[in-house]
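Notes to accompany the following structure.
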Amino acid sequence: MRFGLLEDFDHLYRYSEMLDRLEGKDANNILQGYTDIVPGRPTTDEHRAPEDDVRRPYQREQVELITKLHTTLITAAEYQTHDYYMNIGPLFADPLARQLYAEIAAIEEQHVTQYGSLSDPGESWLEKLLIHEATEAWTYYSCVEQESNPRLKTIWERFLEYELGHVAYVGELFKKHERRDPAEVLGDALPGPLVFAPQRDFVRDVLAEEVDLRAKLTDYVPKDEESRVSRSARKVLNAEGSPSNASSEGYRWSPGTELARQLPRPRQE
Amino acid sequence: MQTAPGEGVRTLEFSSEQEPHPAIDHGEAQEIRARYFQEAGRVGSMPPPVTMKGLSKTVVQSIKGDPVALLLDELGQRAAFERTGTRLYAALIGKVAALQPPKAESMLADLQMIQEEELAHFHMLVQVINDLGGDPTILTPGADVSSVASMGLLQVITDPRTTVAQSLEAIQTAELTDTVCWEALIELVDKLDQQKLLAPFQTAHAAEMRHTDTIKRWLQTCTLEQV
């Protein structure tokens, strides 16, 4: 998960730049100080050969339920992000914004492959469906637990109930068609909620230690050991430059957009 | 920044520690955009008019497509603008009626009158396009572009969360644009020797100027009400 984290973290920086330079808006009005806005693993370096995007799947009988929930959740998030960029990118008139969305969408497609391949292919379709429904219930439960807005909280509560209904329904199908006990997959209780909180220090640590990691088949390796095919694929993809690099050239986030920075800010000792 | 002082400062500090910022330089980005500007086609195109029956001698004599197409494009743009304007006023009237700000009745009477005039302008332009042998149902390139420019206005006015004052400000943007575009259209028809269009277009322009005055007054009233 940390590998993709640094890549999506870089996308956040690139989109913040686009918001500032294209529309004159400060990304921190959305982010509100919960995260840093700095480069991660550069988007231009994230393009890989397909064989370097596939990971080793978890073993369904050997891992905790939480691992399956994480895998399903992050795969769904990557699908959604990819679909969003593919749909929204072309709505921009600006050529560079369209290019940036297209470039980042290509990375999200890699992420879908990377995280989708973590699921055990030995799971039956009904077993996967059961995990999907449990993931939805668990995510709504996490929202219910932490939502402070009462109006929204009631929405999360209602959807949690819907999803628990789906879990029960699929559980019945699982018993009927596979003659297996849903508890064999789900256990008897959902894990603790996903924590929605700033993760700044964790991200900084990962950034400092792992930004130069690259992928080689199913492994993560130092930059200089990256596979030849990925380097070659990237060279082809970046042959005419990279929209993410071109658009964010020299960009450093400042409060109120880079136009609000009158002079280069001296580094404080 | 002031609502999250601690975290905001940490974001700023870390951002400042990154590579020193050179002068704001969009060199490569500008080059990419420049290539597109140079290579792009235009937005839409004008179909040729079916007949030339309504065109003056000047236009027919100079017919190489351009003046005819230009005039019909401009007329189509105004027609579309007035048509959308009618809908913008419908949305605003619905909002005022629902929210009942101070002096709502008087404001509604003014807005309804303006809406009727926008609709009348649309109908008049349809007639003019028909008379010139054009097709008033097409979306001309100019109409297409101005509808893109107006998208934000519709978003503001139809948003249930926006106030009457905020919606009036949005509709004033449309009125000011409409006023100057009528002026330009009048100059064009004069140059193309379409004298019979001058009087109705000048009447429409005068009406648009009244609209901007009326909206300005209501905008001031609504803004001062909040003080």
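A note on names: the letters A, B, ... follow the listed sequences, proteins ahead of strands, and every chain is numbered from 1. A quick note: this is a predicted structure, and the numbers were derived from the prediction, not measured.
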Atom [atom1] of [X]: over 12 foreign heavy atoms under 6.0 Å:
{"X": "A/Arg2", "atom1": "CZ", "result": "no"}
{"X": "B/Trp182", "atom1": "CH2", "result": "yes"}
{"X": "B/Arg217", "atom1": "CZ", "result": "yes"}
{"X": "A/Glu23", "atom1": "CD", "result": "yes"}
{"X": "A/Met86", "atom1": "CE", "result": "no"}
{"X": "A/Phe3", "atom1": "CZ", "result": "yes"}
{"X": "A/Gln146", "atom1": "CD", "result": "yes"}
{"X": "A/Tyr84", "atom1": "OH", "result": "no"}

Counting a contact as any heavy-atom pair under 4.5 Å apart, which residues of residues 26-36 of chain A contact chain B?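 Within residues 26-36 of chain A, the residues that come under 4.5 Å of chain B (heavy atoms only) are A/Asn28, A/Gln32, A/Gly33, A/Thr35, A/Asp36.
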Non-hydrogen contacts under 4.5 angstrom with chain B: give the residues of residues 92-108 of chain A involved, or none if there are none.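 Under the 4.5 Å heavy-atom cut-off, A/Asp94, A/Pro95, A/Leu96, A/Gln99 qualify.
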Under 4.5 Å from a heavy atom of chain A, the part of B/Phe14 involved: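 Answer is both: backbone and side chain atoms of B/Phe14 are under 4.5 Å from chain A.
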Please state whether the side chain, the backbone, both or neither of B/Arg35 comes within less than 4.5 Å of a heavy atom of chain A.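 Neither part, no heavy atoms under 4.5 Å.
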Do A/Arg252 and B/Glu17 make a side-chain contact, defined as non-hydrogen atoms from C-beta onward lying under 4.5 Å apart?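 SC-SC contact between A/Arg252 and B/Glu17 ruled out.
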Using 0.5 Å steps for rounding, measure from the OH atom of A/Tyr13 to the CD atom of B/Gln18.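 Here the interatomic distance stands at 8.0 Å.
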So, taking the atom named CD in B/Glu28 and the one named OG in A/Ser248, what distance separates them when rounded to the nearest 0.5 Å?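 Here the rounded value is 9.5 Å.
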Do you know the tightest heavy-atom contact between [X] and [Y]?
{"X": "B/Arg10", "Y": "A/Arg204", "answer": "O-NH2, 3.2 Å"}
{"X": "B/Ala29", "Y": "A/Glu249", "answer": "N-OE1, 4.5 Å"}
{"X": "B/Thr11", "Y": "A/Ile37", "answer": "CG2-N, 4.2 Å"}

Closer than 3.5 angstrom, by distance alone: can the side chain of B/Ser15 be matched with the main-chain N or O of A/Trp253 as a donor-acceptor pair?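 Judged by distance alone, yes, a pair lies under 3.5 Å.
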